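Heads up: the structure comes next, in structure tokens.
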There are 2 protein chains.
Amino acid sequence: MAKAKTDEFTADEIWLADVAKSLSHPARIAILKLLTELDNCMVGSIVEQLPLSQSTVSQHLKELKRVGLIDGEIDGPRVCYCVNANVLIRAKKALDKLFSKIGCC
Amino acid sequence: MAKAKTDEFTADEIWLADVAKSLSHPARIAILKLLTELDNCMVGSIVEQLPLSQSTVSQHLKELKRVGLIDGEIDGPRVCYCVNANVLIRAKKALDKLFSKIGCC
DNA sequence: CCGTAATATCGTATATTTACGATATACGAT
DNA sequence: ATCGTATATCGTAAATATACGATATTACGG
């Protein structure tokens, strides 16, 4: 029943799982890709490129922002999002650490 | 209503999101960590270390196996799981590619 | 063959995610 | 002040995820 026993895991484990969760939808992967490629990262541009409604895209952006993978900067009546490299690097390091000593049984 | 519009995204995006999904629970992060640390990777050993029931752990193992992050090898009456480095490397490369050109608006 | 141990699967309850349209908010222009 | 545009939030329905106990399966030892 999805009883949140998260306190039984380490903060690192919970954090990495949370970042992974934010990456666990193709739309959010696509959004991150767009943010690294487009010279224009207004929400409207993103919505145009995705097969999803504006409100749904907004929800996905909120999820990415929640874990800090992107930041939104208000630009007049628009919002400009961009990738937060720091969080990204931290996530990659955590992954590397997790798998630094792969050795099997 | 979670209408699966996944065909609108690229295979790469879907795959990476799927791997991320399999990493999106602290128990599964913990399992992967255990598999890289324990000299004994029987299911029983994993269950012992986690605050979850045997059936729940088995479900998590199934999810990790589904995306190929781990392989299970039958060893008598037990099953020995280990990390699949190939899938892992592929995932890391996909992440690196995704973020190779971080440049903001 | 039978019992025991290890693991997987089933059934099921609850929680969370995903999606959309409708509505609210914020801002710039007129 | 009002209008139009851009974005966020609300309400909600359907899908999926998580958890557990109970049961099935598999393999070995006697």
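Chain naming here is simple, since letters A, B, ... match the order of the sequence lines and numbering starts at 1 in each. In this text, all values refer to a predicted model and were calculated from it rather than measured experimentally.
C:dA29 and D:dT2 make up a base pair, with Watson-Crick or G-U wobble contacts both under 3.5 Å.
Distance A:Lys62 NZ to D:dT7 P: 17 Å, rounded to the nearest Å. If you measure from atom CD of A:Gln54 to atom P of C:dT23, you get 15 Å, rounded to the nearest angstrom. Distance, B:Met42 CE to C:dA8 C1': 16 Å, rounded to whole Å. Rounded to a whole Å, the CG atom of B:Asp18 is 13 Å from the P atom of D:dT16. The distance between atom CD of B:Gln59 and atom C1' of C:dC10, rounded to the nearest whole Å, is 10 Å. The separation between A:Ile74 atom CD1 and C:dG28 atom P is 10 Å, rounded to whole Å. The interatomic distance linking A:His60 (NE2) with D:dT7 (P) rounds to 17 Å, in whole Å.
Using the six-membered ring where Trp is involved, B:His25 and B:His60 have ring planes that are tilted, between 30° and 60° apart.
Comparing atom distances between the B:Leu52 side chain and each of C:dA6, D:dA19, C:dA22 picks out D:dA19 as nearest.
In this structure, a donor-acceptor pair under 3.5 Å is present between the side chains of B:Ser53 and B:Thr56.
Within 4.0 Å (heavy atoms only), B:Glu63 reaches no atom of the nucleic acid at all.
Using a 4.0 Å cut-off, no side-chain N or O of B:Thr56 falls inside it from OP1 or OP2 of D:dA19.
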